[in-house]
Amino acid sequence: MKGKLTVDPTNQISKIDDRVFSALIEHLGRAVYDGLYNPGHPQSDENGFRQDVVQAVKDLNIDLIRYPGGNFVSGYNWEDGIGPKNQRPTRLDLAWRSIETNQFGLHEFMKWTKQTGTRPDMAVNLGSRGIDAARNLVEYCNYPGGTYWSDLRQKNGAKEPFNIKTWCLGNEMDGDWQIGHKDAEEYGKLAHETAKVMRLVDPDLDLVVSGSSTREMATFGSWEETVLDHTYDDVQYLSLHRYYDNEENDLHNFLAKSIDFDEFISGIVAVCDAVKARKHSDKTLNLALDEWNVWYHSHKQDDETAPWQNAPHLLEDHYNFEDALMVGTMLITLLKHADRVKIACLAQLVNVIAPIMTDDKGIWLQSIFFPFMQVSKYGRGIALTPKQTADTYDSKDFKDVPYLDSLAVYNEAHHEIVVFAENKGEESLDFSTELREFSAQAIIEATQFCGYDIKQTNEDQAMAIHANDHVSLTDNTLRTTLQPLSWNMFRIQVKD
Ligand code: AHR
């Protein structure tokens with residue numbers, strides 16, 4: 001098999017926004033309790049924050065943390081999570097049918113973001129609550145002092161405002177599973193009024209309005225149109241969510257779902273632009289893909305989990321090697337939409353459909369950790385339009401699927417071209433990257449992630465990224481062989 005990527009610096013998609021490397025942390029299962037927060041654990045500091053988790057989060061170079069949900073936020077009273085811990089109420093969390101002790105709340109979260117070098121992306125409850133709770137929360141977080149809520153924040157130990165910039169107007173409000181689910185008309189009006197009032201408190205907020213929770217929703221597309229009719233001028237971002245599975249155990253169809261992902265994003269962009277045209281607006285709306293991942297391994301176990309537990313094992317997918325390939329191809333697809341996808345949150349980060357897992361002994365890194373870590377670390381700069389030729393295959397649901405998925409990023413500051421390439425085939429693939437206009441100087445690094453059984457998981461920490469020593473650079477062209485079913489990265493020093 002053969003594949004070629006031509007890299008031309010004049011053919012740019014866009015600068016990649018740092019917020020594309022963000023994640024969701026929800027009060028769900030063992031994400032917060034046991035995950036981030038575990039007072040008394042040998043790895044925890046005086047705040048109860050697991051330091052091994054903090055380090056792994058730093059290794060992933062995460063930017064925003066979307067919090068506190070997810071479905072959880074639609075039944076959450078944010079006031080339950082502030083003030084002295086021994087006075088905080090224990091409540092039923094109806095979204096996940098668990099016990100919520102509220103020992104971790106707003107102040108703990110803000111402190112944790114500081115430790116991890118991340119920034120908050122705060123969701124407000126537009127399910128069981130609404131405008132009043134949202135405006136009070138903005139006042140509590142962002143108003144300097146001298147009012148009821150800002151003084152309460154100071155009394156609770158935060159003299160300076162949190163100055164939270166990015167806010168989500170609810171979560172998956174199109175889904176009938178959501179607490180306080182609404183139709184598009186109801187939600188659109190509520191989101192508009194909530195945005196207006198939150199901005200009266202703090203005019204500088206960036207707001208994200210809820211879009212479709214999956215492409216399969218009957219309201220997909222029309223939901224966005226109606227909601228944006230009400231909110232187009234109020235918000236900076238429209239949210240969209242996408243999870244994939246391999247329930248049918250068909251590797252090639254699974255990896256081909258990146259085509260669906262691509263079409264999903266393009267479809268939402270088209271809807272945004274149609275509303276823009278209809279409104280004669282000058283403003284272009286960008287996207288917050290604020291939940292994406294593979295999710296399916298834990299469904300059966302979750303169905304059997306007894307309700308009303310503290311920090312139950314929920315959504316604990318153990319990811320295998322084919323999931324890592326799927327996450328790799330989703331990352332490349334995301335970067336192909338860098339012009340419109342400005343926020344993307346891997347869902348989630350710790351223990352719950354997560355790259356980082358904790359147990360009594362410490363942490364272990366899932367297979368999906370590796371491609372995410374590489375793209376987050378080196379996929380910074382300008383995404384270049386991929387001009388690619390490759391052999392193709394047909395799968396159950398997709399035709400003409402390239403075996404090769406590839407993209408180059410130009411990091412101007414480091415004079416570096418970084419190529420991400422995945423071979424979705426079970427044979428090796430002769431791969432070349434021709435650099436047009438650039439003068440290639442040297443290969444800084446060439447790595448490959450491959451050689452594992454597609455069903456292998458990583459509890460024993462056997463997986464690692466290895467060097468690829470069989471790479472040549474002549475005539476401005478990198479040449480190598482991509483191993484069967486492999487995730488690859490090449491960093492090339494260039495003179496421009
Ligand atoms: O990430 C898990 C759940 O998936 C979130 O709570 C919800 O928003 C989505 O359906």
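What you see is a predicted model; the values in this text were computed from it and never measured. Side chains included, hydrogens not; waters and symmetry mates left out as well; all remaining heavy atoms used. Each ligand, and each atom within it, is numbered from 1 in the order the structure gives.
Within the 4.0 Å heavy-atom criterion, neither part of F72 lies near ligand 1. At a 4.0 Å heavy-atom cut-off, ligand 1 does not touch V352 at all. Residue contacts with ligand 1 for W96 involve side-chain atoms from C-beta outward but no N, CA, C or O (heavy atoms, distance under 4.0 Å).
Classification of the F72-H27 ring pair by plane angle, with boundaries at 30° and 60°, yields parallel.
Atoms of ligand 1 found under 4.0 Å from any heavy atom of G70 (numbered from 1 in listed order, with element): 5 (C), 6 (O), 8 (O). Of all the atoms in ligand 1, the ones that sit under 4.0 Å from a non-hydrogen atom of E172 are 7 (C), 8 (O), 9 (C), 10 (O). Residue E26 approaches ligand 1 through these ligand atoms, each under 4.0 Å from one of its heavy atoms: 5 (C), 6 (O). For ligand 1, the atoms sitting less than 4.0 Å from at least one non-hydrogen atom of I353 are 1 (O), numbered in the order shown with element in parentheses.
Residues meeting the side-chain contact (heavy atoms from CB on, under 4.5 Å) test with D18, sequence neighbours left out: D63, R380.
Checking R129, R88, R91 one by one against E79, the salt bridge (Lys or Arg N to Asp or Glu O under 4.0 Å) holds for a single residue, R129.
Taking the ring centre of F264 as origin, the terminal cationic atom of R242 falls inside the region bounded by 6.0 Å and 45° from the ring axis. For the pair K283 and Y232, the cation-pi test (distance below 6.0 Å, angle within 45°) is passed.
For ligand 1, one of its N or O atoms has an N or O atom of N71 under 3.5 Å away. At least one N/O-N/O distance between N171 and ligand 1 falls below 3.5 Å.
A salt bridge links D132 and R135; the closest N-O separation between the charged side-chain nitrogens and carboxylate oxygens is under 4.0 Å.
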